[in-house]
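Written out below as structure tokens is the structure these notes cover.
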Amino acid sequence: MRHQDIRELFDYNYWANHMLLDRAENVSAEQFTAPAPHSFGSLQGTLVHTLHGERLWRLLLQGQDFWSELRAVDFPSVATVRQRWQEEEAAMWSYLDSLRDEDMLRIVRYEVGGGVQRERVLWHCLFHLVNHGTQHRSEAAAILTTCGQSPGDIDFTRFLNERKAQQG
């Protein structure tokens, strides 16, 4: 995978994140924290988990301590999630800008719970991060839809169509 391909996936990733956050701004505080039958229990929990995953992988790939958890309780509103995500997005773009094509095949070694050692190719880690976001964005979209705030289609082809239309 080329560096430009990864950048395109992250363009999509952040486009889709922005779509969700834009719709989430229209839910009430009660809807934001209301229990939901999805992995992380609420819209708040789902968004914070997705943000945490992006942060965790970026820190891991940069060789930094990545185990500190972002907690939903520390993000009481969509505005606080959006602010922190903007910071994370800027940090990720800075990291991605430091990479070149040849870096995409670099082996990343890390340890998970219980001392288990893992090895991954860098582009696999980056692709996983975007794919992880897709999974949890779909859950957030389902929650938003039940709140009357469906983000509509947030798939890759819509992103490509919109980008092409903007480029003329």
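Atom set for the values below is all heavy atoms of this structure, side chains included, hydrogens, waters and symmetry mates excluded.
In terms of the side chain to side chain contact (heavy atoms under 4.5 Å, CB included) criterion, residue partners of Asp101 (sequence neighbours excluded) are, by chain and number, Arg2, His3. By the side-chain hydrogen bond (donor to acceptor under 3.5 Å, both in side chains) test, His49 is found to be paired with His132, His136, residues two or more places apart in sequence or in another chain being considered. Scanning for side-chain hydrogen bond (donor to acceptor under 3.5 Å, both in side chains) contacts around Gln167 gives an empty result, with sequence neighbours left out. Under the side-chain hydrogen bond (donor to acceptor under 3.5 Å, both in side chains) criterion, Glu88 pairs with Arg58, not counting sequence neighbours. Every residue two or more places apart in sequence or in another chain was checked for a side-chain hydrogen bond (donor to acceptor under 3.5 Å, both in side chains) with Thr146, and none qualifies. In this structure, the salt bridge (charged side-chain N to carboxylate O under 4.0 Å, His left out) partners of Glu102, at least two apart in sequence or on a different chain, are Arg100. A search for side chain to side chain contact (heavy atoms under 4.5 Å, CB included) contacts involving Ser138 returns nothing, not counting sequence neighbours. Considering only residues two or more places apart in sequence or on other chains, Gln149 meets the side chain to side chain contact (heavy atoms under 4.5 Å, CB included) condition with Arg23, Asn26, Val27, Leu144. Checked against side chain to side chain contact (heavy atoms under 4.5 Å, CB included), Arg158 has the following partners two or more places apart in sequence or in another chain: Trp15, Met19, Asp153, Asp155, Glu162.
Residues Gln31 and Ile143 are not in side-chain contact: their nearest non-hydrogen atoms beyond the backbone lie 4.5 Å or more apart. Contact check for Phe32 versus Val78: side-chain heavy atoms found under the 4.5 Å cut-off. Taking the side chain as every heavy atom from C-beta outward, Glu89 and Asn17 never approach each other to under 4.5 Å. Using a 4.5 Å cut-off on side-chain heavy atoms (C-beta onward), His38 and Leu43 make no contact. The side-chain heavy atoms of Leu9 and Leu129, taken from C-beta on, include no pair separated by under 4.5 Å. The shortest side-chain heavy-atom distance between Leu51 and Leu70 falls under the 4.5 Å cut-off.
Listed by first and then second residue, the ring-ring contact (aromatic ring centres under 6.0 Å, His included) pairs involving residues 85-113 are Tyr14-Trp93, Trp57-Tyr110 (not counting sequence neighbours). Sorted by first and then second residue, the salt bridge (Lys or Arg N to Asp or Glu O under 4.0 Å) pairs with a member in residues 69-78 read Arg71-Asp74; sequence neighbours excluded.
Taken from CG in Asp103 to CD1 in Ile6, the straight-line distance is 11.5 Å, to the nearest 0.5 Å. For the atom pair Arg137 CZ and Leu47 CG, the distance stands at 10.5 Å (nearest 0.5 Å).
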Only pairs under 3.5 Å count here: list side-chain donor-acceptor contacts from residues 114-128, not counting sequence neighbours, and write none if there are none.
| from | atom 1 | to | atom 2 | distance (Å) |
| --- | --- | --- | --- | --- |
| Gln117 | NE2 | Glu111 | OE1 | 2.9 |
| Glu119 | OE2 | Arg109 | NE | 3.0 |

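Phe40 and Leu21 fall into different hydrophobic clusters, defined by Ile, Leu, Val, Met, Phe, Trp and Tyr side-chain heavy atoms under 4.5 Å apart, directly or through other members. Each of Val73 and Phe75 belongs to its own hydrophobic cluster when Ile, Leu, Val, Met, Phe, Trp and Tyr are linked at side-chain heavy-atom distances under 4.5 angstrom.
Smallest separation of non-hydrogen atoms from Ala72 and Gln44: O-NE2, 2.9 Å. Contact detail for Leu20 and Ala140: the closest heavy-atom pair is CD1-CB, 4.0 Å. The minimum heavy-atom distance between Thr134 and Tyr12, with the atom names listed, is OG1-CE2, 4.1 Å. A pairwise comparison of heavy atoms in Pro151 and Thr145 identifies CD-OG1, 4.3 Å as the closest pair.
For the 3.5 Å distance criterion, the side chains of Asn13 and Glu54 qualify, holding a donor opposite an acceptor.
Arg82 pairs with exactly one of Glu87, Glu25, His18 by the side chain to side chain donor-acceptor pair (under 3.5 Å) rule, that one being Glu25.
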